[in-house]
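The structure appears below as C-alpha cells.
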Amino acid sequence: MFDSLSERLSGIFDGLKRRGALKESDVSDALREVRIALLEADVALPVVKDFVNRVKDKAIGQSVLKSVTPGQQVIKIVHDELVAMLGAEASGINLLGVPPVVILMVGLQGSGKTTTTAKLAKRLTEKEGKKVMMASLDVRRPAAQEQLKVLGEQIGVKTLPIVAGQMPVDITRRAMDAARLQGFDVLMLDTAGRLHVDAELMAEVKAVRDASQPLETLLVADSLTGQDAVNVAKAFDGEVGITGVALTRMDGDGRGGAALSMRAVTGKPIKLAGFGEKMDALEDFHPERVASRILG
Ligand code: GDP
C-alpha cells in the first residue's frame, strides 16, 4: 500500500543524511518535497500542512541543526509525527460491557462490511474466547443474509436464523433477545450499505443503533478509495457516531491517503486493517508499525 510513498521519502531522507551538517534551508527544501510526496499519496491537504508545520517547528530548533547527526534527528521527528498522525496508540475493540455486547458494522456497499464482520467474529472467537453471534440486517441486497450465514458456517460462528420479510430493527430486536437468552458474549450486527451516503441509509442505521445501543460502531471503509473513504467516515460519524474504523483492501496498491488522513480528519481511530479476502486476513492497526514501514 505505501510502497511509492515509502520510496519517495527514503530518497528525500537519504539526501539529508548524506549531507552531514544541515542549514535551515536544507530542512525546508526536504520538507517541501515531503509535502509533495504526501499530497501525491492522496493525504488530505489540511493534514499535510499541519504535519509539515509540526515537523518544521521541531526540526529547525538549534539543538537539532547543531547536533552530530541532524539528518537522523529530522527523520526521527518525521517518524514521531507520522505516528501521531496515524493515531499514536493502537486501540483495540472495546468489549467491556454487560453481555451481549453489540458491535455495529456500518459502511457503504462493497466496502467489505460482511467480510470484515466475519473476520472479526472469527478473531474474537478464536483469540479472545468469546461466544459470538452474527446477524445480517441487510434486507435489500438479495442473498446478503445468506452470504453471512455461509461465512458463519465456514468459520464456525453462529448466525441468527433468517426470517424472510423482517425489517432491520425487528431483526435487531430478535438478535438481541436470542443473544441474551442463549448466553452470547458478543452480537455483531452487519447493516445494509448503499452505493452512496444517503438519508435513507442513515435513518436505517440510526434506528438500528438506537435499538441495539452498540459499544462499538465500526465504519468499514475501502482504503483504495482514498480521500472518499475519509469523507464517508466523516459523514457516518456526523450522523451516527462511530467509535472506530476498519480499513479494508490494505493489500491493494492504493496510495495510502485514506490510512494517513483518517485519524486526523475524523478524530476516530483506525482499529482494524483488512489485508485480503481470506478469513484470517485481518490485523490490528498499529500506528507505530505502519510509520516504521512507511519510513523503511
Ligand atoms: P459489503 O458489501 O460491504 O458487505 O462487502 P463484502 O464483504 O461483500 O466484500 C466485497 C468484496 O471485497 C468481497 O469479494 C470480499 O472478499 C472483498 N474484500 C473484503 N475485504 C477485503 C480486503 O481486505 N482485501 C481484499 N483484497 N478484498 C477484500
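Counting starts at 1 for both ligands and their atoms, in listed order.
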Distance-minimising heavy-atom pair for L224 and D253 |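 Closest pair (atom of L224, atom of D253, distance): CD2-N, 4.1 Å.
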Indicate the atoms forming the closest heavy-atom contact of V48 with L38, along with that distance.
->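 So the minimum-distance heavy-atom pair works out to CG2-CB, 3.9 Å.
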Contact atoms of ligand 1, heavy-atom distance to [X] under 4.0 Å:
{"X": "G274", "value": "23 (O)"}
{"X": "G110", "value": "1 (P), 2 (O), 3 (O), 5 (O)"}
{"X": "F275", "value": "23 (O)"}
{"X": "L108", "value": "3 (O)"}
{"X": "S111", "value": "3 (O)"}

Residue, atom name and distance, where the atom is the protein heavy atom closest to [atom]:
{"atom": "atom 24 (N) of ligand 1", "answer": "D251 OD1, 2.9 Å"}
{"atom": "atom 3 (O) of ligand 1", "answer": "K113 N, 2.7 Å"}
{"atom": "atom 5 (O) of ligand 1", "answer": "G112 N, 3.1 Å"}
{"atom": "atom 6 (P) of ligand 1", "answer": "T115 OG1, 3.4 Å"}

Tell me which part of T116 gets within contact of ligand 1: side chain, backbone, both or neither, using heavy atoms under 4.0 Å.
->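 Looking at T116 and ligand 1, no heavy atom falls under 4.0 Å.
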Using a 4.0 Å heavy-atom threshold (strictly under), name the region of R194 that reaches ligand 1: side chain, backbone, both or neither.
->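 Neither part.
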Sidechain N-carboxylate O distance under 4.0 Å for E283, R289 =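 No.
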Does a side-chain N-to-carboxylate-O contact under 4.0 Å join D170 and R174?
->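 No salt bridge links D170 with R174.
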Give the intermediate values and the outcome of salt bridge (Lys or Arg N to Asp or Glu O under 4.0 Å) for residues D29 and R32.
-> CA-CA 5 Å; D29 289 348; R32 199 166 303 127; 3.3 Å; yes
Does CD in E7 sit with more than 12 non-hydrogen atoms of other residues, nucleotides or ligands closer than 6.0 Å?
->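 Counting other residues, nucleotides and ligands, CD of E7 stays at 12 neighbours or fewer.
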Exceeds 12 heavy-atom contacts within 6.0 angstrom, atom NZ of K149 =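 Not more than 12 within 6.0 Å, no.
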Any side-chain heavy-atom pair from T225 and V232 closer than 4.5 angstrom?
->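 Side chain of T225 against side chain of V232, heavy atoms only: no contact under 4.5 Å found.
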Heavy-atom distance to atom 10 (C) of ligand 1: which of Q147, E277, R249 wins?
->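 Going through Q147, E277, R249 one by one, R249 has the nearest heavy atom to atom 10 (C) of ligand 1.
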Test item: side-chain donor near acceptor, Q109 and R140, under 3.5 Å |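 Looking only at side-chain atoms, R140 and Q109 do not form any donor-acceptor pair under 3.5 Å.
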For ligand 1, is [X] a contact, meaning one of its heavy atoms is under 4.0 Å away?
{"X": "G193", "result": "no"}
{"X": "T117", "result": "no"}
{"X": "G276", "result": "yes"}

Distance (rounded to the nearest 0.5 Å) between D222 CG and K113 NZ |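 These two atoms lie 12.0 Å from each other.
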Ligand 1 and Q109, any nitrogen or oxygen pair closer than 3.5 angstrom?
->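 Between Q109 and ligand 1, no N or O pair is found under 3.5 Å apart.
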